[in-house]
**Student:** 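Have a look at this one.
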2 protein chains.
Amino acid sequence: MTNEQVVRPNIMAVLEDRGYRSTNSRRSIVHILEDKGSGFTAEEIGRELPSVGRATIFRTLKLLLEMGVICRLNLPDGPPKYSLSRVEHHHHTVCVVCGNVGEFRAATIERLMRTLSNEIPGDVIGHRIELYITCDLCSKENTN
Amino acid sequence: MTNEQVVRPNIMAVLEDRGYRSTNSRRSIVHILEDKGSGFTAEEIGRELPSVGRATIFRTLKLLLEMGVICRLNLPDGPPKYSLSRVEHHHHTVCVVCGNVGEFRAATIERLMRTLSNEIPGDVIGHRIELYITCDLCSKENTN
DNA sequence: GTTAGTCATGGTACTTAGTATCATTAATAT
DNA sequence: ATATTAATGATACTAAGTACCATGACTAAC
Ligand SMILES: [Zn+2]
Ligand SMILES: [Zn+2]
Ligand SMILES: [Zn+2]
Ligand SMILES: [Zn+2]
């Protein structure tokens with residue numbers, strides 16, 4: 001399993017490279033994302049940026065999603081969580097206590113998925129895996 | 001990988017065993033579920049039962065979910081899909097063309113997940129896996 | 001079978017996540 | 001500096017689901 005240090009792209013630069021304008025709203029949203037990093041909801045961002053319209057929050061998240069710089073996780077309950085993302089294929093851990101989201105890659109999973117596709121009826125074209133965990137921080141807090 | 005024939009419990013009996021009443025609305029909802037089997041949305045059921053209140057549809061689905069006789073899948077887009085379920089731990093296939101939902105079990109996955117939990121920071125307490133496929137029916141249709 | 005108690009229902013209003021519309025404003029290119 | 005066009009915020013809307021409540025349907029006791 002790899003959990004290497006992520007070198008994240010300059011998100012605003014990526015936006016501009018694709019022809020999108022570097023606006024105040026986008027900059028402030030991206031700034032918050034880079035601050036939070038993982039496991040935030042659209043609503044949380046809106047709360048921290050009352051001057052930015054709700055529609056713009058969602059528009060921007062959608063844009064970043066399309067560009068692959070963030071992920072959206074549809075969890076079993078609660079609103080979807082967004083998190084900054086490395087670009088390559090990966091999966092997620094979600095702490096069931098604090099809601100923090102992590103990324104991980106595991107060659108073993110990908111190998112197994114490739115194997116499975118021979119045994120599943122139909123053509124497997126993708127997969128999605130979430131691990132539910134209690135993170136180290138939350139485990140510690142409980143034993144104090 | 002196992003994909004064994006499912007022997008499904010009598011859902012109404014399960015409800016009654018838990019002290020819930022056998023009502024007209026519940027019977028008609030359960031009847032439709034048993035008919036459809038997999039990959040239906042709450043809205044679809046509502047459409048087929050105009051005489052049953054929307055709230056009751058959701059209440060009943062929630063109840064069946066708690067009892068473990070159906071699953072809800074939060075897909076990357078579109079409304080959640082429900083499907084009848086065997087009771088044991090399993091995972092899902094979703095056809096990206098027709099939306100049909102299937103269940104499967106694979107000891108290899110469970111073994112791998114157990115292994116991963118040694119390598120992931122934090123305590124792994126559960127997982128969720130979805131395979132996105134084009135099912136045999138949909139593949140055939142495309143080559144015609 | 002009737003009755004009493006309670007559970008469940010349907011209707012309505014509300015919430016939450018997200019989208020459509022649109023007049024106004026801000027970013028870019030020249 | 002100006003013109004062009006993209007982006008914005010406000011508002012209204014949709015879709016999935018929940019809260020509330022007076023009415024009606026089940027069930028159990030008799
Ligand atoms: Zn991710
Ligand atoms: Zn945690
Ligand atoms: Zn299932
Ligand atoms: Zn299909």
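Every chain is numbered from 1 and lettered A, B, ... according to where its sequence line falls, protein lines coming before strand lines. If you're wondering where the values come from, they're calculated on a predicted model, not measured in any experiment.
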**Student:** Please examine the side chains of Leu61(A) and Ile70(A), heavy atoms only from C-beta on, and report whether any two atoms are closer than 4.5 Å.
**Tutor:** yes
**Student:** Looking at five pairs on each end of the helix from dG1(C)-dC30(D) to dT30(C)-dA1(D), what is the angle between the two axes, given to 10 degrees?
**Tutor:** 30°
**Student:** Show me the pairs that pass salt bridge (charged side-chain N to carboxylate O under 4.0 Å, His left out) and involve residues 18-32 of chain B, at least two apart or across chains.
**Tutor:** none
**Student:** Please enumerate all residues that pass side-chain hydrogen bond (donor to acceptor under 3.5 Å, both in side chains) together with His92(A), with sequence neighbours excluded.
**Tutor:** His90(A)
**Student:** What verdict does the side chain to side chain contact (heavy atoms under 4.5 Å, CB included) test give for Lys81(B) and Phe40(B), after you've listed the backbone C-alpha separation in whole Å, the side-chain angles of each residue and the deciding distance to 0.1 Å?
**Tutor:** CA-CA 5 Å; Lys81(B) 300 226 165 188; Phe40(B) 45 82; over 6 Å; no
**Student:** Does the side chain of Met67(A) reach to within under 4.5 Å of the side chain of Val14(A), using non-hydrogen atoms?
**Tutor:** yes
**Student:** Whole angstrom is fine here: how far is it from CG in Leu63(A) over to P in dG18(C)?
**Tutor:** 15 Å
**Student:** Would you say the ring centers of His127(B) and His91(A) fall short of 6.0 Å from each other?
**Tutor:** no
**Student:** Separation of Ile29(A) atom CD1 from dA7(D) atom P, in whole Å?
**Tutor:** 13 Å
**Student:** Within a strict 4.5 Å, meaning less than it, do heavy atoms of the Leu63(A) and Tyr20(A) side chains meet?
**Tutor:** yes
**Student:** Just to verify, what does Glu48(B) make a side-chain hydrogen bond (donor to acceptor under 3.5 Å, both in side chains) with, not counting sequence neighbours?
**Tutor:** Lys36(B)
**Student:** Would a 4.5 Å heavy-atom cut-off, applied to side chains only, mark Phe104(A) and Ile109(A) as touching?
**Tutor:** yes
**Student:** Please examine the side chains of Ser38(B) and Asn100(B), heavy atoms only from C-beta on, and report whether any two atoms are closer than 4.5 Å.
**Tutor:** yes
**Student:** Would you tabulate the nitrogen or oxygen pairs shorter than 3.5 Å linking the protein to nucleotides 24-30 of chain C?
**Tutor:**
{"residue": "dA27(C)", "atom": "OP1", "partner": "Asn24(A)", "partner atom": "ND2", "Å": "3.4"}
{"residue": "dA27(C)", "atom": "N3", "partner": "Arg21(A)", "partner atom": "NH1", "Å": "3.3"}
{"residue": "dT28(C)", "atom": "OP1", "partner": "Ser22(A)", "partner atom": "N", "Å": "3.1"}

**Student:** Write down the distance between CG (Leu15(A)) and C1' (dT8(D)), rounded to a whole number of angstrom.
**Tutor:** 15 Å
**Student:** With a 4.0 Å cutoff (strictly under), does any side-chain N or O of Ser25(A) reach OP1 or OP2 of dA7(D)?
**Tutor:** no
**Student:** Can you tell me the distance, in whole Å, between the CD1 atom of Ile57(A) and the C1' atom of dA17(C)?
**Tutor:** 13 Å
**Student:** Ignoring hydrogens and angles, state whether a donor on the side chain of Thr108(A) or Arg111(A) is under 3.5 Å from an acceptor on the partner side chain.
**Tutor:** no
**Student:** Whole-Å distance between dT9(C) P and Leu61(B) CG?
**Tutor:** 12 Å
**Student:** Please encode protein proximity along nucleotides 11-23 of chain D as a string of B, S and -, counting only heavy-atom distances under 4.0 Å.
**Tutor:** -----SBBBB---
